[in-house]
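All figures in this text were calculated on a predicted structure; none of them were measured in a lab.
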Amino acid sequence: MSSAPSMRVSQQEHFHLEDTSQIERSLWVLNPPNPPPLRNKLFSPLKKTVSFFSSKKKTCVEHAVSFLESLFPILSWFKNYKASKFKDDLLAGLTLASLSIPQSIGYANLARLDPQYGLYTSVIPPLIYAVMGSSREIAIGPVAVVSLLISSLVPKVVDPAIDPDAYRNVVFTVTLFAGIFQTAFGVFRLGFLVDFLSHAALVGFMAGAAIIIGFQQLKGLLGISHFTNKTDVISVLESVYKSLHQQITSREKWYPLNFVIGCSFLVFLLAARFVGRRNKKFFWLPAIAPLLSVILSTLIVYLSKADKNGVNIIKHVKGGLNPSSVHQLQFHGQHVGQAARIGLISAVIALTEAIAVGRSFSSIKGYHLDGNKEMLAMGCMNIAGSLSSCYVATGSFSRTAVNFSAGCQTSVSNIVMAVTVILCLELFTRLLYYTPMAILASIILSALPGLIDISEARYIWKVDKLDFLACMGAFFGVLFVSVEIGLLVAVSISFAKILIQSIRPGIEVLGRVPRTEAFCDVSQYPMAISTPGILVIRISSGSLCFANANFVREKMLKLVTDEENEQAKGRVHAVIMDMSNLMNVDTSGILALEEVQKRLLSRGVQLAMVNPRWMVIHKLKVAHFVDKIGKEWIFLTVAEAVDASLSSKFPDP
């Protein structure tokens, strides 16, 4: 007989302990530590940049050493540098130079600069990056896409055909601004700005730019003298047609030898690329093929006197080390603002390409690439380059792949390449006099297939249709309008995607998954069971703010109405908001919650909140919203909120 009362006592103690633990857990939610102040969030990037000054345990000398090693990573790894590594870097650097020299001349021609400026860009920037960069494999120098940017944007400021000196001065100024922007991104840890150009947009932009670059090489391949300054495919094809039609119908003679030489060596270059990709043992073949093409084509033109028969040649290439260009930089006048704008675009494109290339190869080698250090290194090398007759340099995917395949161990391969280019400038530039322009076009054309990634575009289509729209927007924008419009379309679509997801977040109705305590979206988990009279919802957004507050309010009230209209479930007594996804809320979001709470109270419906995050609960307490709904309606888990709602007696509305 005594067992029954004792059992009732034990059950009461059990429920009392449960209530006590639930209250304790609610207090955990209600009384977290105060979140960090706003100034910490605003100035934390700058604090991290100078964090080495904050440690009181270090001496001044240790601070200086730490700073220098952070700024110049070569100081930390060069201590353990061995002769065996130098042997690998020497071979990789020489292989890299054999590809860089002809490509640099070709890219300078694409940027509408004299050939020597491409070679200059393969000297100073690689040397600076070798001591400041954190990537071991990346190869620095001029690249096709940045050269296209320069040739498409700068002629709108100064026409290189009318005033080549002024054009060159603007290019150097653009390079300086690009370096300043890149340095600022690194110092203030603003790398997220580069991420606005998404991976999908970059794939489309690169493919469109590759096709435009390819069509522009028809000028050198066909030996056309009059060519359009525009970059869209319609204008380029129209210019090619008009030039060829004029040569055919007029007395002006067309010389097919340019086309024959260019196509012959293009076939050789593509064949070498194919063999190198099929058999890794012949990785050196596509690397050395451009240099062999230049040597052979120059000999053919020189011995056959083909320049007398209409073959366009490079002619004079100025030799010697990089001359200073400090006096050529423009800080006054009408072109400064335009140069800064072009510099910003070039900085973002160059950084995006370089970091993408660097990270892809660092992941293979299994080490971390610091994006902010890369930005700082890129910025410093372009600032130094602008002072020494270089234009915007960055990491090249094709040359980095060659550097990696050649077995480079450290960035010393960049130093070896730069020294080799210096020797070329000092000793061999006179030998380039008879190099045909068609061979430069062939070298650029042979490098373009690596910029068109069809398989990646297919992957983007399968995974995310909006990303594919950004990809195609960039592709067609570059192809049919201009480089600027292509970038603008891609960034606009990426922003629109973010805005759509922010303005119209999903509101999920949750149910309990059988035989578990988990509450999941009933649309994703049809077996999840909804509790009669209780509506559990979750906002699938990281923020409840001015952009989506009204949408969330109307959606929540509509869900309550729809739930009540289902006669089988009866009236809704409680609405439970799972706020575990919500990272932040602003005043508009709080006003929306207050209005929802008032509307629900008028209908006799209780509002409860589950697991509001650190910043959210702090703001709700400051706004006294917690007091309005009652502290007893704040829970740690959805299961606790449902159990509390079921055990409560709700008044009729």
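- For Ala200, the side-chain contact (heavy atoms from CB on, under 4.5 Å) partners are Ser198, Ile460, Asp467, Cys471, not counting sequence neighbours.
- Both the sub-6.0 Å distance and the 45° axial angle are satisfied by Lys465 relative to the ring of Trp461.
- By the 30° and 60° cut-offs, the orientation of the rings of Trp633 relative to Phe635 is perpendicular.
- Atom CZ of Arg341 sits in a crowded spot, with more than 12 heavy atoms from other residues, nucleotides or ligands closer than 6.0 Å.
- Between Leu448 and Ala210, the closest heavy-atom pair is CD1-O, 3.3 Å.
- Leu376 and Leu71 make their closest contact through CD2-CD1, 3.6 Å (heavy atoms, listed as atom of the first residue, atom of the second, distance).
- In summary, the side chains of Ser405 and Asn403 do not present any donor paired with an acceptor at a separation below 3.5 Å, with no hydrogens or angles considered.
- Residues passing the side-chain contact (heavy atoms from CB on, under 4.5 Å) test with Ser502, sequence neighbours excluded: Ile498.
- At most 12 heavy atoms of other shown residues, nucleotides or ligands fall within 6.0 angstrom of atom NZ in Lys558.
- Shown here are the side-chain contact (heavy atoms from CB on, under 4.5 Å) partners of Leu68, two or more places apart in sequence or in another chain: Phe72, Leu75.
- The salt bridge (charged side-chain N to carboxylate O under 4.0 Å, His left out) contacts involving residues 515-534 comprise Arg512-Glu517, where partners must be two or more places apart or lie in separate chains.
- Nearest heavy-atom pair across Val610 and Leu636 is CG1-O, 3.7 Å.
- Side chains of Leu544 and Leu593 form a contact here, defined as non-hydrogen atoms less than 4.5 Å apart.
- A donor-acceptor pair shorter than 3.5 Å can be found between the side chains of Lys619 and Asn584.
- Enclosure of atom OH in Tyr525 is not indicated, since only 12 or fewer non-hydrogen atoms of other residues, nucleotides or ligands lie within 6.0 angstrom.
- Closest heavy-atom contact between Phe181 and Ala347: CB-CB, 4.0 Å.
- One finds no salt bridge joining Asp627 and Lys621 here, because no Lys/Arg side-chain nitrogen approaches an Asp/Glu carboxylate oxygen to under 4.0 Å.
- Every residue two or more places apart in sequence or in another chain was checked for a salt bridge (Lys or Arg N to Asp or Glu O under 4.0 Å) with Arg359, and none qualifies.
- Shown here is Phe551, whose CZ atom has more than 12 heavy atoms of other residues, nucleotides or ligands within 6.0 Å.
- By the salt bridge (Lys or Arg N to Asp or Glu O under 4.0 Å) test, Lys79 pairs with Glu69, sequence neighbours left out.
- For Glu353 against Phe397, the heavy-atom pair with the smallest separation is OE2-N, 4.4 Å.
- When all heavy atoms of Val357 and Ser396 are compared, the closest pair comes out as CG1-O, 4.2 Å.
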